[in-house]
Amino acid sequence: MPTAKPKIVLYWHRTDLRLHDSPALNAALSLNPTTFIPIWTWDPHYVYKSRVGPNRWSFLLESQKALSTSYSNLNPRQQLWLIREAPQSVLPKLWNAWGVTHLVFEKDEDAYARERDGAVVRLAEEAGVEVIVKSGRTLFDVDEIVRKNGGKPTMSMAQVEKAVEKIGNGVPERPIDAPSSIPDPLTRDEMDLKGVKHDGRGDVGSKSDPGTDMNADHRSTTDKQYAGIMGPKGDFGVPALEEIGIDPAEVQTPHRGGENVALELLAGYIADEEYIGRFEKPNTSPAAFEPQSTTLLSPHLHFGTLSVRKFWWDVQDVMEKRKKAKKSNASIPTNLPGQLLFREMYFAAHAAVGEPFCRTYGNPMVRFIDWHLQSKTPEDIAHGEGEGKLYEVDSDEAEVWFLRWKEGRTGFPWIDALMRQLKQEGWIHHLGRHSVACFLTRGGCYVSWERGAEVFEEMLIDHETACNIGNWMWLSCTAFFAQFYRCYSPIAFGKKWDPEGNLIRRYCPELAKFDKKYIYEPWRAPIADQRKWGCRVTGDGSSSTNEDGKIYPKPMFDFDERRTICLDAMKNAYHVGLHGNDKEVKDGSWRKAFGLDEDGKRPKKKQKT
DNA sequence: TTTCAGTTGGTCAG
DNA sequence: CTGACCAACTGAAA
């Protein structure tokens, strides 16, 4: 009697640090594996080529730990097995060492992930390992959304709604329960990789220079992540922050990772049916803290500790119940399902455009504006121009504005409070992001949105490439949104939500005692009052004290003046009408197009092709 | 061709 | 709190 061939299934966790509602995990377990090995591999592209601050590192490690514990709870012999080498390099070694027959993972449509996963699939096919890939990070397969949108990037909610209407009438599949049991891995001896050659970070398949570490500034001790393939204790464990060179004291976020945390948070909101039914994003306060006005579930969607379909269906069930009880619900796009559809829109736009989606250069869907601090072209960077900086410093003044914005010392308390909250906690409300993004780009500094997106990439615990890039395009009026004359005031907008200035008092504590009359414009407070309230408004923010005590910077420019300058410049840029893939942008000749004509008139609007 | 809507502006009058 | 106006964008519908 022939024995059945063993099924040794390697499950590769990446965007899905959960057990509930995972189509890929479900597919893996449906194979009835004789052996099941759930792994994570540190991808050097994430570790060194993406900007990741301490708060997001911490959130990721917490989420990995929670997942590992969940596996152990279902099967004491199980855990999340962390492999410290690049996937393209280490996966072939794993299927040799462990006799792997199947590789299963969740589909990831990000441009880099597609390239990496494509390489992995080819290697697996060569080795005779069967590969199963399932969509599960989004409500719908985003490639399917793109197809239903005529192959074009989704540029509006209307397009997204039409497209998803053609996929199951706009209703995603119901979530799948978490597994109640998990098969065994190999024995400890068989799992051991001591005999396997370790290639360190194994930075194969990366086009970029493996020597650069974009996160070097965050590492206070030596990064030892790639010291050993099974980790410092040889147990494939989740690293401590110290192992990746991060000082735990740098982690200040109060937001916790892990599937259990996500499901508890969600359940709490779902129990509040009024909140779910009436939720309208524009009516949630960007100044609220403890409790926040929105769900804070975005980092969990990013790491996959919460399934977006579970989120959608739990909300949908509440809304159906309310509807039956004749209670009104908010509608798309401002309600909760609408928020999730915006996520689909950005994912699908990214999927349709591919790699150029993340920048201006070569991106056909993004409008070109003559910003300060433009990105260098890929050619210039490849030729090593510009002493390591990835952007052109066309204006020293604008670079100072950018750095002051990043550090939360612009002299506009609403902006500074938000930027400090972002740095400390890794999260700010969506409308807060609007405020600071508008201020940096079209409504203040006229600095390229790409600089702002890089700062958000580093600091946000919920950083999702497609959503971050898409929202920066939106706010800078370079794609998705065009009403550049709608400009956020760093004074009036915050005041509308928080007339007492409580957000400012919390994150700019030097201003805590200021009267609410001056809290948004402390430079207007009489000197005597400034003394009385224990903070002088002076200097450029490079120091937080002087010989008199605490100081807060003067505003770095006259906002009304800057708003006028930016508005005129935006008007001109729209008339020039260049986009990221135009010849003038690629060869640098755009500068000519932005000058005025000989007779002083605006240049003719560029013809659409 | 014109009209109108577009997740989330600011200001001022009533 | 609501609505008119500001000066005016794009894209889809009429």
Side-chain angles (χ1 to χ4, degrees), chain A residues 149-150 152-165 278-288 292-295 298 315 329-346 349 364-369 412 414-415 418 428-444 467 470-499 520-521 558-579 602 605-609:
Chain A
N149 194 50
K152 294 193 291 285
T154 41
M155 298 306 290
S156 71
M157 268 312 263
Q159 289 176 4
V160 175
E161 284 184 86
K162 269 186 204 161
V164 302
E165 206 53 49
R278 298 171 73 98
F279 183 101
E280 284 194 279
K281 188 60 148 287
N283 295 338
T284 59
S285 170
Q292 312 282 359
S293 61
T294 50
T295 65
S298 50
V315 166
N329 292 313
S331 49
I332 289 171
T334 54
N335 66 0
L336 280 167
Q339 305 308 298
L340 301 180
L341 277 183
F342 272 106
R343 185 170 173 272
E344 303 283 298
M345 177 176 84
Y346 291 132
M365 60 163 271
V366 68
R367 194 174 279 282
F368 179 84
I369 310 282
F412 294 94
W414 172 247
I415 300 298
L418 288 162
I428 52 178
H429 184 278
H430 188 63
L431 294 179
R433 300 181 198 196
H434 276 213
S435 282
V436 299
C438 181
F439 184 86
L440 180 69
T441 58
R442 65 186 168 84
C467 300
N471 277 315
W472 273 96
M473 289 173 181
W474 185 298
L475 260 295
S476 60
C477 291
T478 52
F480 301 105
F481 184 70
Q483 289 159 274
F484 54 74
Y485 45 87
R486 289 195 179 166
C487 178
Y488 289 84
S489 158
I491 295 144
F493 185 73
K495 226 180 236 179
K496 188 170 77 185
W497 290 101
D498 181 14
Y520 284 89
E521 301 166 280
D558 180 310
F559 174 72
D560 288 332
E561 193 178 281
R562 287 299 308 169
R563 172 164 52 193
T564 307
I565 290 168
C566 288
L567 200 68
D568 286 349
M570 288 298 289
K571 229 183 284 183
N572 183 49
Y574 264 62
H575 279 278
V576 172
L578 290 175
H579 287 75
R602 249 185 225 134
K605 191 169 177 175
K606 193 172 179 274
Q607 287 297 308
K608 278 181 205 163
T609 47

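Each chain gets a letter, A, B and so on, in the order the sequences are listed, and its residues count up from 1.
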* side chain to side chain contact (heavy atoms under 4.5 Å, CB included) between T295(A) and L336(A), intermediate numbers included -> CA-CA 10 Å; T295(A) 65; L336(A) 280 167; 4.2 Å; yes
* To do: Could you check Y485(A) against Q483(A) for side chain to side chain contact (heavy atoms under 4.5 Å, CB included), going step by step and ending with a plain yes or no?
  => CA-CA 5 Å; Y485(A) 45 87; Q483(A) 289 159 274; 3.4 Å; yes
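Contact annotation: R486(A) side-chain N/O to dT8(B) OP1/OP2 distance is under 4.0 Å. OP1 or OP2 of dA12(C) sits under 4.0 Å from a side-chain N or O of Q159(A). Within the 4.0 Å cut-off from OP1 or OP2 of dC9(C), not a single side-chain nitrogen or oxygen of K571(A) is found.
In this structure, D568(A) places its CG atom 18 Å from P of dC6(C), rounding to the nearest Å. What separates CG of D560(A) from P of dG10(B) is a distance of 12 Å, to the nearest Å. In this structure, CE of M157(A) is placed 12 Å from P of dT8(B), rounded to the nearest angstrom. Separating the CZ atom of F493(A) from the C1' atom of dT7(B) is a distance of 12 Å, rounded to the nearest angstrom. When the P atom of dT10(C) is taken as reference, atom CZ of F481(A) falls 12 Å away, rounded to whole Å. The interatomic distance linking I332(A) (CD1) with dG6(B) (C1') rounds to 15 Å, in whole Å. In this entry the distance linking CG of L418(A) with C1' of dT8(B) reads 15 Å, nearest Å. The CH2 atom of W497(A) sits 12 Å away from the C1' atom of dG9(B) (whole-angstrom rounding).
The side chain of A482(A) sits closest to dC9(C) out of dT8(B), dT11(B), dC9(C). For H430(A), the side-chain atoms get nearest to dT8(B) when compared with the rest of dT8(B), dC9(C), dT11(B). Listed nucleotides dT7(B), dC9(C), dG9(B) differ in distance to Y488(A); the shortest reach to its side chain belongs to dG9(B). Nearest nucleotide to the side chain of L431(A), out of dT8(B), dC9(C), dT7(B): dT8(B).
Comparing dA4(C) with dA8(C), their C1' atoms sit 16 Å apart, to the nearest whole Å. Remark: the separation of the P atoms in dA13(C) and dT7(B) is 14 Å, to the nearest Å. Rounded to whole Å, the separation between the P atoms of dA7(C) and dA13(B) comes to 16 Å.
Nucleic acid contact for Q339(A): base, since at least one base atom lies under 4.0 Å from a heavy atom of the residue. Within the 4.0 angstrom heavy-atom criterion, base atoms lie near W474(A). Using a 4.0 Å heavy-atom cutoff across all strands shown, F342(A) reaches at least one base atom of the nucleic acid. Across all strands shown, R442(A) has no heavy atoms under 4.0 Å from either base or sugar-phosphate atoms. Residue K162(A) is in sugar-phosphate contact alone, with no base atom involved, counting any heavy-atom pair closer than 4.0 Å across all strands shown.
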Hey, what are the protein-to-nucleotides 1-4 of chain B N/O distances that come in under 3.5 Å?
none

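Counting distance only, with no hydrogens placed and no angle test, the side-chain atoms of Y485(A) and the base atoms of dA8(C) include a donor-acceptor pair under 3.5 Å.
Inter-residue side-chain proximity for C487(A) and L567(A) is flagged as unmet; no heavy-atom pair is nearer than 4.5 Å.
A parallel orientation is assigned to the rings of F559(A) and F439(A), their planes being inclined by less than 30° (bins at 30° and 60°). Ring-plane geometry between F481(A) and W474(A) is classed as parallel, the angle between the planes falling under 30 degrees on a 0 to 90 degree scale with a further cut at 60.
The one candidate from K281(A), Q339(A), H430(A) that meets the side chain to side chain contact (heavy atoms under 4.5 Å, CB included) condition with T294(A) is K281(A).
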* To do: Return one dot-bracket line describing DNA chain C 5' to 3' (Watson-Crick or G-U wobble pairs, both distances under 3.5 Å; ( ) same strand, [ ] crossing, | another strand, . none).
  => ||||||..||||||
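Here the side chain of R343(A) pairs no donor or acceptor atom with the backbone of C467(A) at under 3.5 angstrom.
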